[in-house]
Amino acid sequence: MDDKRGDMTVRQAGQKGGTSTAGKHGASFYREIGKRGGQARKGQLGTEGYAKLGRKGGEARKTQLGSKGYADLGRKGGEARKTQLGSEGYAQLGRKGGRRVAELIRRGKQPPNGEKTGDHR
């Protein structure tokens, strides 16, 4: 019997399997399994842990791309989101973000433990 297992690297075999799976199931399959995996990981880490993981990944990507490349990536993402939502939906999203930022700033200006603001001499 002719055994061909040694003719292909593990990487090549994985790529061949991935290409085959993509041909059978399409891009939506990968989106769905990615979403399921992300939700499972979020369940393991909790919301804060998952956010921390995202920040860590973002920092690593920023290091790879450099500040300009990372800014370009964000711009492209914003343009794609605008295409998805349309101009009005994108404007609403911006207003929502602006209100959230204003709320966070307002909270940050509040004195801790009910202290009164003013000159403490």
Side-chain angles (χ1 to χ4, degrees):
M1 201 177 262
D2 196 14
D3 189 3
K4 294 266 188 189
R5 285 190 282 182
D7 292 350
M8 192 181 300
T9 67
V10 172
R11 183 181 184 139
Q12 290 169 328
Q15 189 172 24
K16 183 177 178 181
T19 301
S20 175
T21 301
K24 289 177 189 173
H25 300 288
S28 61
F29 171 76
Y30 284 104
R31 275 192 294 276
E32 181 60 31
I33 63 172
K35 187 181 282 188
R36 287 182 189 180
Q39 291 301 317
R41 190 67 174 138
K42 188 176 182 180
Q44 292 170 339
L45 298 174
T47 304
E48 285 299 315
Y50 197 63
K52 185 177 178 181
L53 183 65
R55 284 189 296 273
K56 183 179 177 183
E59 287 300 319
R61 189 69 173 135
K62 187 175 183 179
T63 300
Q64 289 174 337
L65 297 175
S67 292
K68 185 179 179 335
Y70 196 65
D72 289 343
L73 183 65
R75 195 172 302 107
K76 287 178 186 176
E79 289 168 4
R81 189 69 172 141
K82 186 175 184 178
T83 300
Q84 287 176 335
L85 297 174
S87 292
E88 183 54 35
Y90 195 66
Q92 287 176 355
L93 182 65
R95 286 189 292 273
K96 181 179 178 182
R99 285 191 298 268
R100 178 72 174 137
V101 168
E103 170 65 18
L104 292 172
I105 290 170
R106 186 186 64 73
R107 277 195 222 160
K109 288 183 178 179
Q110 288 180 348
N113 301 325
E115 293 176 14
K116 294 189 178 203
T117 57
D119 197 2
H120 298 282
R121 291 184 192 181

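What's counted below: heavy atoms across the whole structure, side chains too, no hydrogens, waters or symmetry copies.
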task = Decide yes or no on side-chain contact (heavy atoms from CB on, under 4.5 Å) for Glu32 and Arg36, but give the supporting numbers first.
result = CA-CA 6 Å; Glu32 181 60 31; Arg36 287 182 189 180; 3.0 Å; yes

key: Working for side-chain contact (heavy atoms from CB on, under 4.5 Å), residues Lys56 and Lys52   = CA-CA 6 Å; Lys56 183 179 177 183; Lys52 185 177 178 181; 5.8 Å; no

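Glu88 and Arg95 get closest at one heavy-atom pair: OE2-NH2, 3.1 Å. Nearest approach of Gln12 to Asp7, heavy atoms of both residues: OE1-O, 4.2 Å.
To the nearest 0.5 Å, atom CG of residue Leu104 and atom CZ of residue Arg106 are 9.5 Å apart.
None of Arg107, Arg99, Arg100 except one satisfies the side chain to side chain donor-acceptor pair (under 3.5 Å) rule with Glu103; the exception is Arg107.
Evaluation of the ring-ring contact (aromatic ring centres under 6.0 Å, His included) test over residues 10-48, restricted to residues two or more places apart or in two chains, returns His25-Phe29. Identified under the side chain to side chain donor-acceptor pair (under 3.5 Å) test for residues 57-70, with sequence neighbours left out: Arg61-Gln64, Lys68-Asp72.
Within 6.0 Å of the CZ atom in Arg11, the count of heavy atoms belonging to other residues, nucleotides or ligands does not exceed 12.
The closest side-chain donor-acceptor pair between Arg41 and Gln44 falls under 3.5 angstrom.
A donor-acceptor contact shorter than 3.5 Å links the side chain of Thr21 to the backbone of Gly17.
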